[in-house]
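The block underneath contains the structure these notes are about, expressed in structure tokens.
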Amino acid sequence: MSQPDRHCEVVSQLVEKAATAMQLDPQVKELLREPIRTLTVSVSVKMDDGTVKVFRGFRCQHNDVLGPFKGGIRFHPEANEDEVKALAALMTYKCALVGLPFGGAKGGVLCDPSQLSAGELERLSRGFIRAITPIIGPEQDIPAPDMNTNAKIMGWFVDEYAHIRGAYQPGIVTGKPIALGGSKGRTEATGRGVMYVIREAASAFGRQLQGATVAIQGFGNVGNYAAKFLHDQGCKIIAVADVFGGVYNPAGIDPYQLKEHEVKTGSVKGFPGTQPISSDELLVMECDILIPAALGNQLTAKNARDVKCKWVVEAANGPTTLEADQILQEKGVLVVPDILANAGGVTASYFEWVQNNYSYYWSEEEVNERLEKIMANAFHEVYDAFSNREGLDLRVAAYMVALERLATAMQARGWIAG
Ligand code: GLU
């Protein structure tokens, strides 16, 4: 992003809209305006060719009125401080919205993981966790996976932290491998949560999921599982795109077979029985449900007018710009916001942390049952706020629910007068 502070400004404007609609105490807004702290670090890594390379990274802790800071760490060539700050703020609202006892944080490391060897990636991961150790802890700030990071990297984090502290503390990070105290169902949880929210929305708005056509941008951890769970609900997945290209079949694509193809070839591209489609074409194709499940800022003022879906369900963080949001609303497209749609991931992270604290582990059925309850509840709270007031969209309604919780906690902790 070329414009400085654009991401943070977007989140501020969303908060502003909700604050005005609910006549929020201005002190709450003031306390949420800036993150509590942002740590910038330089991580030096010995590369395989013997040279040393320094990578920049950030950990931003936005607000912790509800509990320890929580949020993922992304590895991306375009990671930057402004984006990490905005994403940390989104985590504050996401955790508050679903009622988790966590604040919001996010981390980012500027790197292109596809250009790193396995050894370089491990040294970078361990180096980053060493660099942010002074501000993290199982009761302070708990990292997790995000874009281009996964259970394997979380395993290195937990191991490095154990070496530094001289004690094994699995609750320092979530999204770990099961063997290290990871929770059953965590990997699938974001995609599963997307499905639960869509199912609740379909019944609230009187729509059928059976045969509903779905287009998904992104076939990583989120898009892949969202596709599978929606397929299991009777939806027809008609298009999927990843960074290399996309595939389209109006008769429907089996996401299980598509995954096998992707594992074999490295991309969804060329899946038998489909036509090629670009990611940009996918965003504006005719379908019932469009799921951006990849990068931010995909629906913009440039393409929003051409969007032909009925619903946009934001499985990615921040896929819709403010301008696009406005255009979609004018067109009558229902947007299910990121802080609701993709909250399944952090909710399962919460379950993982609870299990680590008790050293007592749940079955996958127990995890999924609890996840379903929390996601359905969150949807209904947002839906109630939305239906009780003229002129609100689901995003403003979601922010209202989150801000209400944050305001109550701020008052109870004596952070604001009241
Ligand atoms: N990175 C995920 C998100 O954006 C999960 C964060 C977590 O589990 O702490 O919600």
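Just follow the structure's listing: the first ligand is 1, and inside any ligand the first atom is 1. Position 1 is the first residue of the sequence; numbering continues from there. The shown structure was predicted, so the numbers you read here are calculated from the model rather than taken from an experiment.
Ion pairing between Lys70 and Asp141 fails under the 4.0 Å rule for side-chain N and carboxylate O.
Here salt bridge (Lys or Arg N to Asp or Glu O under 4.0 Å) pairs that include residues 344-369, with residues two or more places apart or in two chains, are Lys176-Glu352, Glu366-Arg370. Identified under the side chain to side chain donor-acceptor pair (under 3.5 Å) test for residues 401-410, with sequence neighbours left out: Glu381-Arg405.
Using the six-membered ring where Trp is involved, Phe157 and Phe128 have ring planes that are tilted, between 30° and 60° apart. Using cut-offs of 30° and 60° on the angle between ring planes, the pair Phe205 and Phe379 is perpendicular.
Residues satisfying the side chain to side chain donor-acceptor pair (under 3.5 Å) test with Asp393, not counting sequence neighbours, are none.
At a heavy-atom cutoff of 4.0 Å, ligand 1 is surrounded by Lys70, Gly71, Gly72, Met91, Lys94, Lys106, Ala144, Pro145, Asp146, Arg186, Asn317, Gly345, Val346, Ser349.
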